[in-house]
Undergrad: 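Structure provided below as structure tokens; questions to follow.
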Amino acid sequence: MSAGTHKRTARIRRHGRVRKKVRGTPERPRLAVFRSNRHIVAQVIDDVSGTTLAAASSVEPQLRDLGVTGGVVAAGRVGAIVAERAKAVGVSRVVFDRGGFQYHGRVAAVAAAARDAGLEL
């Protein structure tokens, strides 16, 4: 097993452990974060009905124009945008799902920006 494969498998195992405890309900959906080397994605998910209520990504044209799509600045903007969209659909409280990633850097920036934009984590 290569180092990259092992790293990905370990993250998926960690994410499984997190998901045992973190469930999104209609009253308090799950704010799930995924990061790659180039981009970051945040989704507000209702696990009971299996629907995505709001989403934002650094792949979107308004964020791609910034130039840097994988950094902390882009992650902060993704967090703010997903919080605005969640509030537009009537969601004010979410439970945070770090996706098996360390709560540091870009993942923490998404959470902080969402908090600053008015979501209760």
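Nothing here was measured: the structure is a model prediction, and the numbers come from that model. All residue numbers in this chain count up from 1 along the given sequence. Any value given below was found using the heavy atoms of this structure, including those in side chains, with hydrogens, waters and symmetry copies removed.
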Undergrad: Answer yes or no: is there a side-chain heavy-atom contact under 4.5 Å between V78 and V41?
TA: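 The answer is no; the side chains never approach within 4.5 Å.
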Undergrad: Applying side chain to side chain donor-acceptor pair (under 3.5 Å), can you list everything that pairs with R85, at least two apart in sequence or on another chain?
TA: E60
Undergrad: Give the intermediate values and the outcome of side-chain contact (heavy atoms from CB on, under 4.5 Å) for residues R30 and R19.
TA: CA-CA 10 Å; R30 175 170 56 99; R19 285 297 313 280; 3.4 Å; yes
Undergrad: Please give me the minimum heavy-atom distance between A80 and A113, naming the atom from each residue.
TA: N-CB, 3.8 Å
Undergrad: Considering all heavy atoms of both residues, which atom of F101 and which atom of V107 are nearest to each other, and what is their separation?
TA: CB-CG2, 3.8 Å
Undergrad: Working to the nearest 0.5 angstrom, can you tell me the gap between F96 CZ and Y103 OH?
TA: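 Result: 6.0 Å between the selected atoms.
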Undergrad: Could you list the residues that satisfy side chain to side chain donor-acceptor pair (under 3.5 Å) with H39, not counting sequence neighbours?
TA: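 Partners of H39 under the side chain to side chain donor-acceptor pair (under 3.5 Å) test: S58, T69.
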Undergrad: Where do A55 and T52 come nearest, in terms of heavy atoms and distance?
TA: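 Residues A55 and T52, closest heavy atoms: CB-CG2, 4.2 Å.
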Undergrad: As an exercise, state the distance from CD of Q102 to CZ of R35, rounded to the nearest 0.5 Å.
TA: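 Answer for the CD-CZ pair, Q102 versus R35, is 8.5 Å.
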Undergrad: Checking the side chain of R93 only, and the main-chain atoms of P29 only, is there a donor and an acceptor separated by less than 3.5 Å?
TA: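 No, R93 side chain to P29 backbone: no donor-acceptor pair under 3.5 Å.
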Undergrad: Check whether any side-chain heavy atom of R64 sits under 4.5 Å from a side-chain heavy atom of V59, and report yes or no.
TA: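 In short, these two side chains touch, coming nearer than 4.5 Å.
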Undergrad: Do you know the tightest heavy-atom contact between A42 and V110?
TA: CB-CG1, 4.2 Å
Undergrad: Might you confirm whether atom CZ of R13 has over 12 heavy atoms from other residues, nucleotides or ligands at distances under 6.0 Å?
TA: no
Undergrad: In Å, rounded to the nearest 0.5 Å, how long is the span from CD1 of I81 to OG of S57?
TA: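 Going from the CD1 atom of I81 to the OG atom of S57 covers 9.5 Å.
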Undergrad: Looking at every non-hydrogen atom in both residues, tell me the closest pair between A83 and A117 and how far apart they are.
TA: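 Minimum heavy-atom contact is CB-CB, 3.5 Å.
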Undergrad: Pick from V22, V82, V95: which one makes a side-chain contact (heavy atoms from CB on, under 4.5 Å) with L31?
TA: V82
Undergrad: Does T51 reach the main-chain N or O of L53 with its side chain, forming a donor-acceptor pair under 3.5 Å?
TA: no
Undergrad: Let's go through V94 and E120 carefully: what are the C-alpha distance in whole Å and the side-chain angles of both, what is the deciding distance for side-chain contact (heavy atoms from CB on, under 4.5 Å) to 0.1 Å, and is it a yes or a no?
TA: CA-CA 6 Å; V94 294; E120 185 183 329; over 6 Å; no
Undergrad: Rounded to the nearest 0.5 Å, what separation is found between the CG atom of D97 and the CD1 atom of I45?
TA: 7.5 Å
Undergrad: Between R106 (side chain only) and S36 (backbone N and O only), is there a donor and an acceptor less than 3.5 Å apart?
TA: yes
Undergrad: Count I, L, V, M, F, W, Y as connected when their side-chain heavy atoms are under 4.5 Å apart, and connections chain through other members. Are V44 and F34 then in the same cluster?
TA: yes
Undergrad: Looking at D47 and R28, is any side-chain nitrogen of the basic one under 4.0 Å from a carboxylate oxygen of the acidic one?
TA: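 D47 and R28: not salt-bridged.
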Undergrad: Can you tell me how far apart NZ (K7) and CD1 (I12) are? Round to the nearest 0.5 Å.
TA: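 CD1 of I12 is found 13.5 Å from NZ of K7.
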Undergrad: Got a second to check how far R98's CZ is from R14's CZ, nearest 0.5 Å?
TA: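 Taking CZ in R98 and CZ in R14, the distance rounds to 7.0 Å.
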